[in-house]
Amino acid sequence: MRPRAVAVLASGHGSNLEALVHAQARAPYRVRLVIADRECRALAWARARGLDARLVPPGPHADATQLCAMRDAGVGAVALAGYLRRLSPAFLAGFAGPVLNIHPSLLPSFPGLHAHRQAIAHGVKVTGVTIHFVDEGLDSGPILLQEAVAVREGETPDELLERLHAVEHRLYPQALTIVVEGRYATSGRQVSILPPREE
Ligand code: GRF
């Protein structure tokens, strides 16, 4: 199968972008486009790597600009990786492929910002990582993959976040692989992962 072009949208550090790019040599996708809504490390890293990296600040034409860039790059799937802006209904209606997001908690617990801090403040013993399809809500779409991470006694938020990131960096390339291979079926909120096709 020819690798499928994907876009990554980011706003911050970009460690998940890096993980997706590093894994792509052994995966059926290629990150052909990076879009950020602000100047950030993720955008600088993508530029330095020679990727098609674009700054699309919020504004009345941001959706159309993003959609145009996706069309030009032949993008079939989108991965949000620390993108701090909600995708508009116009974008979601205009983009035909799947859109994934990664979140550092076991959704539906602790949506929104600083999920790892929320988890520690709440005193949960287990948190984790969720990769889900994006809908118009906040971290609310159907769940594709989850992995649990036990919270350690006395752990700081930064220590927990570092362990969550390690899981994210392993899980996101797997999720994107499943999605570009079309190895999933959805029925309402239920997402089933299908076995790899026989060659
Ligand atoms: C990750 O923890 C991700 O789950 C959340 O934002 C963070 C982004 O980190 N949505 P990075 O920019 O990929 O390093």
Side-chain angles (χ1 to χ4, degrees), residues 6-24 27 29 31-49 51 53-58 66 77-88 91-92 98-122 124 126-152 155-179:
V6 302
V8 175
L9 271 57
S11 303
H13 191 69
S15 69
N16 281 285
L17 166 65
E18 285 188 54
L20 288 169
V21 170
H22 287 143
Q24 70 184 9
Y29 66 81
V31 176
R32 296 284 186 224
L33 178 65
V34 175
I35 294 179
D37 61 325
R38 62 196 75 185
E39 289 296 343
C40 58
R41 186 188 168 278
L43 193 59
W45 184 86
R47 284 186 187 128
R49 196 157 170 123
L51 295 170
R54 305 188 191 191
L55 175 65
V56 182
Q66 289 177 342
V78 172
L80 306 188
Y83 188 64
L84 292 175
R85 206 159 280 285
R86 297 263 279 276
L87 293 178
S88 68
F91 179 90
L92 291 170
V99 181
L100 290 177
N101 182 41
I102 187 159
H103 186 77
S105 75
L106 292 178
L107 290 170
S109 290
F110 313 127
L113 289 177
H114 308 305
H116 62 297
R117 287 184 188 281
Q118 295 185 51
I120 288 193
H122 198 86
V124 297
V126 177
T127 184
V129 169
T130 301
I131 296 167
H132 65 92
F133 291 98
V134 172
D135 62 12
E136 289 176 20
L138 175 65
D139 299 325
S140 58
I143 292 168
L144 176 67
L145 290 179
Q146 283 188 310
E147 187 168 310
V149 172
V151 180
R152 292 177 182 157
E155 188 167 42
T156 66
D158 284 351
E159 287 165 346
L160 175 60
L161 187 60
E162 196 179 324
R163 293 194 304 115
L164 290 167
H165 273 151
V167 173
E168 290 187 340
H169 300 162
R170 177 167 44 75
L171 221 55
Y172 216 0
Q174 289 175 18
L176 198 52
T177 293
I178 290 167
V179 160

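Numbering of ligands and ligand atoms starts at 1, following listing order.
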Heavy-atom gap Ala10 to ligand 1 smaller than 4.0 Å
no
Got the closest protein heavy atom to atom 5 (C) of ligand 1, with its distance?
Ile102 O, 3.7 Å
Numbered in order shown, the ligand 1 atoms found under 4.0 Å of a heavy atom of Glu168 are 1 (C), 2 (O), 3 (C), 4 (O)
Ile35 vs Val78, side-chain contact (heavy atoms from CB on, under 4.5 Å): CA-CA, chis, key distance, verdict:
CA-CA 10 Å; Ile35 294 179; Val78 172; over 6 Å; no
Val129: which of Glu168, Arg163, Arg170, His103 passes side-chain contact (heavy atoms from CB on, under 4.5 Å):
Glu168
What residue and atom, counting heavy atoms only, is the protein's closest point to atom 12 (O) of ligand 1, and at what distance?
Gly14 N, 2.8 Å
Would you mind finding which of Ser105, Gly82, Ser15 brings a heavy atom closest to atom 11 (P) of ligand 1?
Ser15
So, Arg152 and Glu159, do they make that salt bridge, N to O below 4.0 Å?
no
Using a strict 4.0 Å cut-off to heavy atoms of His165, name the atoms of ligand 1 that fall inside it.
1 (C), 2 (O), 9 (O)
Pairs satisfying ring-ring contact (aromatic ring centres under 6.0 Å, His included), at least one member in residues 157-177, at least two apart:
His165-His169
Qualifying residue for side-chain contact (heavy atoms from CB on, under 4.5 Å) with Leu87, from Asp135, Asn101, Leu80
Leu80
So CG of Leu160 and OG1 of Thr127: to nearest 0.5 Å the spacing works out to 6.5 Å
Only heavy atoms of His103, strictly under 4.0 Å: list the atoms of ligand 1 that pass.
4 (O)
